[in-house]
S.K.: 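This is the structure I have questions about; it appears just below.
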Amino acid sequence: MKRVKLWDKEFEISLPNADIQTAIKQMAVKMKKDLEGKEVLFICVLNGAFMFASELMKEVELNDAEISFLKLASYSGINTTGEIKELIGLNEVITGRTVVIIEDIVDTGHTIKEVIKQLIGKGAKEVKVATLLFKPDALKVDIKLDYVGLEIPNDFIVGFGLDYDRRGRNFKDIYTLVKE
Ligand code: IMP
Ligand code: MG
């Protein structure tokens, strides 16, 4: 598929699956080097990061890693609402742990900043961030991203977990909104 239509909008392919996989493999190598010997708790931010987390976890060779999931919703349509919801579904003990957040994309950075803050509030010893995608031109907050798969322009995208009004998450490639 070169172009897809979701609801009222057209998208065209911008990152083929092979490029995404290459970026994930490189990230996995770096993670192994950094985190070897630690008892890491990976936390996948649902829904968007499900596909990325699945691929990344298969590539990272860490013996004593654990994986959990949390959910929050702060995005509707193609604009950030700015409202940050609480973290739900996380039952693990966070106190004293090395946590790596797995996120699909860092756009303004508000979401990830809030997640970091809440995990530190729950007593995490160390919080690292792994994001598949990063829009440097959209960033509005001061945060450190430890692992970035691919830097992309400030355009709306779908696919590989990311949606436009709930659709497009299942695409194996990433598509960019075609501006009329
Ligand atoms: P931020 O708080 O502005 O960094 O937005 C982060 C969240 O917004 C991500 O976790 C995504 O779920 C969503 N998001 C940001 N940019 C896009 C996009 O281009 N397409 C789909 N979802 C996006
Ligand atoms: Mg997300």
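Atoms within each ligand, like the ligands themselves, are counted from 1 in listed order.
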S.K.: Answer yes or no: does an N/O atom from Val158 fall short of 3.5 Å to an N/O atom of ligand 1?
M.R.: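 In fact, backbone or side chain, Val158 has no N or O that close.
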
S.K.: So, Lys179 and Asp155, do they make that salt bridge, N to O below 4.0 Å?
M.R.: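 Answer for the salt bridge query: yes.
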
S.K.: Going by the order shown, which atoms of ligand 1 are within less than 4.0 Å of some heavy atom of Lys135?
M.R.: 16 (N), 17 (C), 18 (C), 19 (O)

S.K.: For ligand 1, is any non-hydrogen atom under 4.0 Å from Leu162's backbone (N, CA, C, O), its side chain (CB onward), both, or neither?
M.R.: side chain

S.K.: Keeping the roles fixed (side chain from Thr176, backbone from Ile157), state whether a donor-acceptor pair exists under 3.5 Å.
M.R.: no

S.K.: Answer yes or no: is there a side-chain heavy-atom contact under 4.5 Å between Ile102 and Ile43?
M.R.: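 Ile102 does not reach Ile43 side chain to side chain.
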
S.K.: Return yes if some donor-acceptor pair links the side-chain N/O of Lys71 with the main-chain N/O of Gly89 below 3.5 Å, else return no.
M.R.: no

S.K.: Quick one: CD on Gln21 to CG on Leu56, what's the gap to the nearest 0.5 Å?
M.R.: 10.5 Å

S.K.: What pair of heavy atoms forms the shortest contact from Lys172 to Phe160, and how long is it?
M.R.: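 Between these two residues, the closest heavy atoms are O-CD1, 3.4 Å.
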
S.K.: Which is closest to atom 3 (O) of ligand 1 by heavy-atom distance: Thr108, Asp155, Ile174?
M.R.: Thr108

S.K.: Considering only heavy atoms, which of Leu46, Asp104, Thr111 lies nearest to atom 10 (O) of ligand 1?
M.R.: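 Checking each option, the heavy atom nearest atom 10 (O) of ligand 1 is found in Asp104.
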
S.K.: Taking 4.0 angstrom as the limit and counting only heavy atoms of Glu103, give me the atoms of ligand 1 inside it, by number and element.
M.R.: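 Those of ligand 1 that fall under 4.0 Å from Glu103 are 10 (O).
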
S.K.: Which atoms from ligand 1 have a heavy atom of Asp163 less than 4.0 Å away?
M.R.: 21 (C)

